[in-house]
Structures are given as structure tokens and as C-alpha cells.
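Please read all numbers here as calculations on a predicted model, not as lab measurements.
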Amino acid sequence: MAEYLASIFGTEKDKVNCSFYFKIGACRHGDRCSRLHNKPTFSQTIVLLNLYRNPQNTAQTADGSHCHVSDVEVQEHYDNFFEEVFTELQEKYGEIEEMNVCDNLGDHLVGNVYVKFRREEDAERAVTELNNRWFNGQAVHAELSPVTDFRESCCRQYEMGECTRGGFCNFMHLRPISRNLRRQLYGRGPRRRRGSEAGFRGLTGPSDEGRGVGMGGGGG
């Protein structure tokens with residue numbers, strides 16, 4: 001599979017196809033990139049663009065000043081988000097092999113959620129249906145992604161705590177979930193659906209968009 005995709009999307013030495021798009025499913029140049037972004041017509045992996053919002057980057061007080069959020073609060077918020085999205089997608093669309101969330105700050109990677117399903121058919125159906133849904137008051141933007149091996153997409157320096165580029169690195173900075181949650185979601189611990197405040201809600205029309213705290217259906 002990887003060799004086949006490489007033959008379509010190219011490699012680092014390819015002067016026609018964008019190697020960054022092939023490796024991470026995104027490119028900081030976007031449509032202005034001088035090389036081709038060949039979007040896959042089939043893939044096990046989908047990306048939900050800019051879906052996760054780190055409260056440390058967005059929290060503000062009423063007067064617009066920055067509000068401090070502790071690392072413990074951020075991890076709890078992130079675990080709730082991750083479990084909510086993972087459980088919803090697996091229950092509705094099919095078995096998930098791997099899910100990863102970018103903690104980068106660059107516009108092309110910030111909040112991107114990559115979900116690798118076991119079957120390509122499940123990924124295709126998920127993209128079709130998710131593009132008619134909402135999450136936290138924003139429309140979900142889902143597409144198939146060429147990423148199949150996240151080891152090639154990740155920043156090695158970040159994993160070792162040595163990345164000097166910070167949040168604007170062009171390789172994925174994947175935010176880890178807690179160890180207990182990993183065991184629960186990936187079958188090495190008791191499975192449970194967390195009763196979270198940010199439950200998935202259906203939205204009935206444009207006037208309801210601001211009230212949606214979780215992932216809901218499309219507007220009527």
C-alpha cells in the first residue's frame with residue numbers, strides 16, 4: 001500500500017509532487033504550493049481539519065486578556081475531547097486503528113485530527129457523513145488523507161523534547177492522551193462512554209449552531 005501511494009504522490013526527491021503533503025496530509029503553502037497536492041480517492045485515513053482547540057491557546061477573560069489554564073486542566077479537556085471523538089466515530093463508522101491530534105500552531109496543522117480506520121470503506125463513509133455535521137458550533141471539514149504511517153509524519157525532535165521550531169514546526173507534534181484512556185480506547189482496559197458536558201448533539205438549523213457543544217448532525 002505504502003509503495004503504491006508513493007508511486008502516486010512521489011517522494012522527497014520528486015520535483016512535481018509535494019512530499020510534505022504526501023507525508024503529513026497538509027502543506028504550509030496550501031494552494032500556493034509550487035508542487036502538486038494529489039488528494040487520494042481512497043484511503044484508510046481521514047483528517048478532520050482544525051477540530052481540536054487547545055484551551056491554553058484560546059482561553060480569554062471577559063475583557064479579552066489571556067486566562068491561565070493549568071496543564072492538568074488542559075490534559076483533562078484533551079482526554080474528554082479525544083474520547084468523545086474516538087468513541088463517536090468508531091460507533092458510527094467502524095473500527096479505528098489509530099487516532100492522532102496535532103498540537104501544532106501553524107494554520108495548516110493546528111487542531112487537525114487524523115483517524116485511521118481499519119477499512120477504507122469506513123473512512124469513505126465517515127468523510128461523506130462528517131461533512132454534514134457540526135462540532136462545538138463549527139462545521140466539520142473532513143477529507144481523505146494520504147497519511148498511512150504516522151512515524152514518517154511526526155517530528156522526532158518533538159518526541160524527544162528537543163524541537164526548536166515550537167508549535168510552528170512543519171511536522172506533526174502529536175499530543176498524547178493519558179495512559180489509562182489509551183488502555184480503555186484501544187482494548188487493553190474496560191471500555192466506557194464518559195458522561196461529558198460536551199456530548200454530541202444534533203443541530204436543527206443555523207440558529208442552533210452556537211449551542212452545539214459536541215458533534216451533531218447537519219442543519220435542516
request  = Mind checking the CG-CG spacing from Asn112 to Asp103? Nearest 0.5 Å is all I need.
outcome  = 11.5 Å
task = Kindly indicate whether the side chain of Gln44, heavy atoms from C-beta on, has any atom under 4.5 Å from the side chain of Thr148.
result = no
key: Arg175 NZ/CZ over Tyr52 ring centroid, <6.0 Å and within 45° of normal   = no
query = At their closest point, which heavy atom of Gly94 faces which heavy atom of Asp122, and how far apart are they?
reply = CA-OD2, 3.6 Å
request  = Apply ring-ring contact (aromatic ring centres under 6.0 Å, His included) to His173 and list each qualifying residue two or more places apart in sequence or on a separate chain.
outcome  = Tyr158
ask   = So, for Val140 and Trp134, which heavy atoms are closest and what is the spacing to 0.1 Å?
value = CG2-C, 3.9 Å
key: Salt-bridge contact Glu129-Arg133 (side-chain N to carboxylate O under 4.0 Å)   = no
query = Can you find a heavy atom in the side chain of Asn54 that is under 4.5 Å from one in the side chain of Val74?
reply = yes
message = Is any side-chain heavy atom of Ile46 closer than 4.5 Å to one of Ser145?
response = no
task = Just jot down the side chain to side chain contact (heavy atoms under 4.5 Å, CB included) partners of Val110, sequence neighbours excluded, or say none.
result = Asn50
inquiry  = I want to check something: taking the side chain as every heavy atom from C-beta on, are Arg183 and Arg179 in contact at a cut-off of under 4.5 Å?
reply    = yes
Residue pair His108 / Asn170, side-chain heavy-atom distance below 4.5 Å = yes
inquiry  = Please report the interatomic distance CD1(Ile96) to NZ(Lys116), rounded to the nearest 0.5 Å.
reply    = 12.5 Å
ask   = To the nearest 0.5 Å, how far apart are OH in Tyr93 and CG in Leu130?
value = 4.0 Å
task = Start with the C-alpha gap between Arg125 and Thr128, add the side-chain angles, then the distance that decides, and say whether side-chain contact (heavy atoms from CB on, under 4.5 Å) holds.
result = CA-CA 5 Å; Arg125 185 165 68 91; Thr128 300; 5.7 Å; no
task = State the CD-CZ distance between Glu162 and Arg156, to the nearest 0.5 angstrom.
result = 13.5 Å
inquiry  = Quick check against the 3.5 Å criterion: does Ser153 have a side-chain atom that pairs as donor or acceptor with the backbone of Met172?
reply    = no
key: Side-chain heavy-atom pair Leu49, Glu143 within 4.5 angstrom cut-off   = yes
Worked verdict on Leu89 versus Leu48 for side-chain contact (heavy atoms from CB on, under 4.5 Å) = CA-CA 11 Å; Leu89 268 55; Leu48 310 177; 4.2 Å; yes
inquiry  = Using every non-hydrogen atom in the two residues, find where Val127 and Ala142 come nearest and quote the distance to one decimal.
reply    = CG1-O, 3.7 Å
inquiry  = Using side-chain heavy atoms (C-beta onward) and a distance below 4.5 Å, is Val101 in contact with Phe86?
reply    = no
query = Side chains of Asn80 and Glu84: do they bring a donor and an acceptor to under 3.5 Å?
reply = no
inquiry  = Any side-chain to backbone donor/acceptor pair from Asp79 onto Ile177? Under 3.5 Å, distance only.
reply    = no
query = For Cys169, does its backbone N or O pair with a side-chain atom of Asn104 as donor and acceptor, under 3.5 Å?
reply = yes
Distance (rounded to the nearest 0.5 Å) between Lys23 NZ and Phe171 CZ = 5.0 Å
request  = Tell me, please, which residues at least two apart from Asp107 pass side chain to side chain contact (heavy atoms under 4.5 Å, CB included).
outcome  = none
inquiry  = Has Tyr114 got a side-chain atom pairing as donor or acceptor with Ile24's backbone, closer than 3.5 angstrom?
reply    = yes
ask   = Rounded to the nearest 0.5 Å, what separation is found between the CE atom of Met99 and the OG1 atom of Thr45?
value = 13.0 Å
Glu124 CD: over 12 foreign heavy atoms closer than 6.0 Å = no
task = Side-chain contact test, heavy atoms from C-beta onward, threshold under 4.5 Å: evaluate it for Glu83 versus Leu185 and give yes or no.
result = yes
key: Shared hydrophobic cluster, Leu105 / Phe81 (ILVMFWY, side-chain heavy atoms < 4.5 Å)   = no
